[in-house]
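Notes for the one structure printed next.
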Amino acid sequence: MSPRPYQLGRRQEGTDETRKRILAAARALLAAGEGFSGFTMEAVAKKANVARMTVYYQFESKARLLEAVGESLAERALVERLQDAFRQPVALDALEALVRAFAHFWSAERLVIRRFRAVAALDPELAPTLRGLDGRRRGGLTVMLQRLAAARAAPAPDADDPLLDLLFMLTSFEAFDLLAGDARTPEEVAPLVLGLVRQALGFATL
């Protein structure tokens, strides 16, 4: 029997483990005292105890690494809740579940997400990464508004609909961060956002 498949499997396991270590190191650096100023490929490599070229081999660039950090955060604290939201048969229930999903996500690793967004906002090369991740949230909101429009027999919103812009702002990390302050929990913030969403949509209840 050839040992090649076994060797390839072990090699893949090692690659996956290295990738996880690098992502964990990146998250830890974002949460550390130095914040975004200490977030470099060299610092990530040192934190993960790997060579700098290993980080580049895995992620190619700082932008790709940061994008992977964002995706790993979402997988840990958002994806399952979003799936539940989109499975809701009633459009209003689905939108409510989406708002709550993002409230919990933004709260899950609030400091890391805050610095993650700061890094992306301050570095022109990373700006497309942030726009891409935010674009996915906007896409989800578009689907929700389309479902609401269908339920109300109203015209479907287009990409420039002001209502979409408003919901995009209300479900943003920045809005959550301001509303949460130093003490509010996701369970306390979500009703505040839902109240504003309700007013924007013209519904008495949500």
Indicate yes or no for a side-chain donor-acceptor contact from [X] to the backbone of [Y] under 3.5 Å, with no hydrogens or angles considered.
X: Arg147; Y: Pro89; value: yes
X: Ser107; Y: Ala103; value: no
X: Arg21; Y: Asn49; value: yes
X: Trp106; Y: Thr171; value: yes
X: Arg81; Y: Arg100; value: no

Quiz item: In this structure, which one of Leu78, Leu133, Val112 forms a side chain to side chain contact (heavy atoms under 4.5 Å, CB included) with Leu73?
Solution: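 For Leu73, the side chain to side chain contact (heavy atoms under 4.5 Å, CB included) test succeeds with only one of Leu78, Leu133, Val112, which is Val112.
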Quiz prompt | Intermediate values then yes/no, salt bridge (charged side-chain N to carboxylate O under 4.0 Å, His left out), Arg137 and Asp134 | solution = CA-CA 5 Å; Arg137 175 166 52 88; Asp134 280 344; 3.6 Å; yes
Would [X] end up clustered with [Y] when hydrophobic side chains under 4.5 Å apart are linked, directly or stepwise?
X: Val143; Y: Leu82; result: yes
X: Phe39; Y: Leu111; result: no
X: Val79; Y: Val99; result: no

Are more than 12 heavy atoms from other residues, nucleotides or ligands located less than 6.0 Å from atom [atom1] of [X]?
X: Glu188; atom1: CD; value: yes
X: Gln146; atom1: CD; value: yes
X: Tyr57; atom1: OH; value: no

Quiz item: Out of Arg117, Arg115, Arg114, which one pairs with Asp177 under the salt bridge (Lys or Arg N to Asp or Glu O under 4.0 Å) rule?
Solution: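 So the option named by the test is Arg114.
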Quiz prompt | Met144 CE to Leu98 CG distance, which is reported to the nearest 0.5 Å | solution =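 Rounded to the nearest 0.5 Å, the CE-CG separation comes out at 4.5 Å.
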Quiz item: About how many Å separate CG of Leu65 and CD of Gln58, when rounded to the nearest 0.5 Å?
Solution: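 If we round to the nearest 0.5 Å, Gln58:CD and Leu65:CG are 10.0 Å apart.
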Charged N-O contact under 4.0 Å between [X] and [Y]:
X: Glu67; Y: Arg136; answer: yes
X: Arg87; Y: Asp84; answer: yes
X: Lys46; Y: Glu42; answer: no

[X] side chain near [Y] side chain, heavy-atom distance below 4.5 Å:
X: Leu166; Y: Met169; value: yes
X: Val69; Y: Phe59; value: no
X: Val197; Y: Leu95; value: yes

